[in-house]
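Structure first, then comments.
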Amino acid sequence: MSFTVAIVGRPNVGKSTLFNRLVGKKLALVDDTPGVTRDRRPGDARLMGLTFTIIDTAGLEEADAESLQGRMRAQTEAAIDEADLSLFVVDAKSGLTPVDTDLAEMLRRRGKPVVLVANKSEARGSDSGFYDAYTLGLGEPTPISAEHGQGMLDLRDAIVAAIGEDRAYPEKEDVAVTDVDIPQSSDEGDEDEEPTYDDTKPLRVAIVGRPNAGKSTLINRFLGEDRLLTGPEAGITRDSISVEWDWRGRTIKMFDTAGMRRKARVIEKLEKLSVADALRAIRFAETVVIVFDATIPFEKQDLQIVDLVLREGRAAVLAFNKWDMIEDRQAVLADLREKTDRLLPQARGIRAVPISGQTGWGLDKLMQSIIDTDKVWNKRISTARLNRWLETQQIQHPPPAVSGRRIKLKYMTQVKARPPAFMISCTRSDALPESYTRYLINGLRADFDMPSVPIRIHFRSPDNPFEGKKRRT
């Protein structure tokens, strides 16, 4: 049985740096600005043979419960209650503050194990701050440097002492060993078979959109709890936070991302880091939900985000949020459908669902659209069906003649899924116009029921064995 550890402390003491050190990746955003972390972020930590779940939290401050800092504090307190052990990080370089004393008292009242961590102990003049930490009454502080990786062995020993060796090192179950070679399933599959869709496989979904479109509220409604920090302020979310839940027996891993503004408006370094984190979440996801504000939809940035998602090859679903604020719903819905077809021609047939993250209206329909789009994104078509279809397409609309010579499309096969990509062997592939490629893509969408996902076609001309050879006379 594993255990969970929460990293707590006042702002800017190095909690996220320690989190990144323990998970072995730069998952949490780190900056000199106090208060970068706002939501609680879980991760899988490894420390000198010790494995556990680690939770990065926002810096604790005294604030009104309704303020942004107050809501951040509530998230951190929820992480402390969820964890089995807290790492209370103080800054040995700058010394203790009254906030540290208040936090120590709060942790004592919780009655859970606490490891006192004196970070930045490598700095000159940190000895006084280290010895001051004894006054908190939480035992002997563990001196570390999260940035340089110093003191990690002492930190491991302190965690084991606090949680107990039985909990820290649970006995592993015996695993049967065999010398039989079990082949792994290939992502490509047999080109002549159309594999069935695996509806038990966990699905990764990223939620993206402009600031204040209601992304975090939407995920909270899915989870049925206030897991992510929300509020009227724009740009609350900074890190891309992943959460897991089950929908009709299937594991869904959702990524909440920072709102993406126009590039010209992104000036601060911290916002650039947040947007870069959101882009990584898009590349890691399988399906991406682009959240529109239904009261002001189809801003230029909305269209650019959809185009970005499709260029990355992800399956896309549109969610028109804040539907509870719309009065004439039928008229607005008809207008949204017309604008979707007109403004997003590269995403013909894209699924668009009106929802309300605040009330939960339309969320089941949104999830069904996500599953249906993922099925199309994973779709495979047999080579035999593709070549019959290609022959029919050429009869209905033959490729154009270039310099008096007609281009021949000879053979077609699907080379990959996720997204669907096809290869066509043809003569003079460099002369085939873009308009004919669009004709084939639109035909694939219509005839094989493949709406809303990017479709890619690559053309290849066979090598000419006589090219470059001199003609004999």
Arg108 with Glu105: basic N within carboxylate O range, under 4.0 Å: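 So Arg108 pairs with Glu105 through a salt bridge.
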Residue of the set Ile55, Val13, Leu103, Thr57 for which side-chain contact (heavy atoms from CB on, under 4.5 Å) holds with Val8: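 Only one of Ile55, Val13, Leu103, Thr57 forms a side-chain contact (heavy atoms from CB on, under 4.5 Å) with Val8, namely Thr57.
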Can you find a heavy atom in the side chain of [X] that is under 4.5 Å from one in the side chain of [Y]?
X: Ile355; Y: Trp323; answer: no
X: Trp247; Y: Ile371; answer: yes
X: Pro297; Y: Lys339; answer: no
X: Leu85; Y: Lys112; answer: no
X: Phe19; Y: Leu87; answer: no
X: Leu308; Y: Leu279; answer: yes
X: Met412; Y: Leu440; answer: no
X: Thr373; Y: Val453; answer: yes

Parallel, tilted or perpendicular: ring planes of Phe298 versus Phe292, cut at 30 and 60 degrees: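 Ring orientation of Phe298 relative to Phe292: perpendicular.
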Aromatic plane relationship, Tyr436 with His397 - under 30° parallel, 30 to 60° tilted, over 60° perpendicular: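 Taking Tyr436 first and then His397, their aromatic rings stand perpendicular (interplane angle over 60°).
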Backbone N or O of [Y] within a donor-acceptor pair of the [X] side chain at under 3.5 Å?
X: Lys416; Y: Arg418; result: yes
X: Asn119; Y: Ala146; result: yes
X: Lys379; Y: Tyr197; result: no

Salt bridge (Lys or Arg N to Asp or Glu O under 4.0 Å) contacts in which one or both residues fall within residues 347-374, not counting sequence neighbours: Arg250-Asp374
Pairs where residues 319-328 contributes a residue and the test salt bridge (Lys or Arg N to Asp or Glu O under 4.0 Å) is met, not counting sequence neighbours: Asp293-Lys322
Counting only heavy atoms from other residues, nucleotides and ligands, does the tally under 6.0 Å from [atom1] of [X] exceed 12?
X: Gln358; atom1: CD; result: no
X: Arg329; atom1: CZ; result: yes
X: Glu225; atom1: CD; result: yes

Which atom of Ala294 lies closest to which atom of Ile326, heavy atoms considered: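 That closest heavy-atom pairing would be O-CD1, 3.8 Å.
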Salt bridge (charged side-chain N to carboxylate O under 4.0 Å, His left out) assessment of Lys120 paired with Asp91: CA-CA 6 Å; Lys120 307 181 186 179; Asp91 189 336; 3.2 Å; yes
Worked check of salt bridge (charged side-chain N to carboxylate O under 4.0 Å, His left out) between Asp56 and Lys15: CA-CA 7 Å; Asp56 189 22; Lys15 298 183 298 298; over 6 Å; no
Residue pairs, two or more places apart or on separate chains, that pass side chain to side chain donor-acceptor pair (under 3.5 Å) and touch residues 444-458: Trp389-Asp447
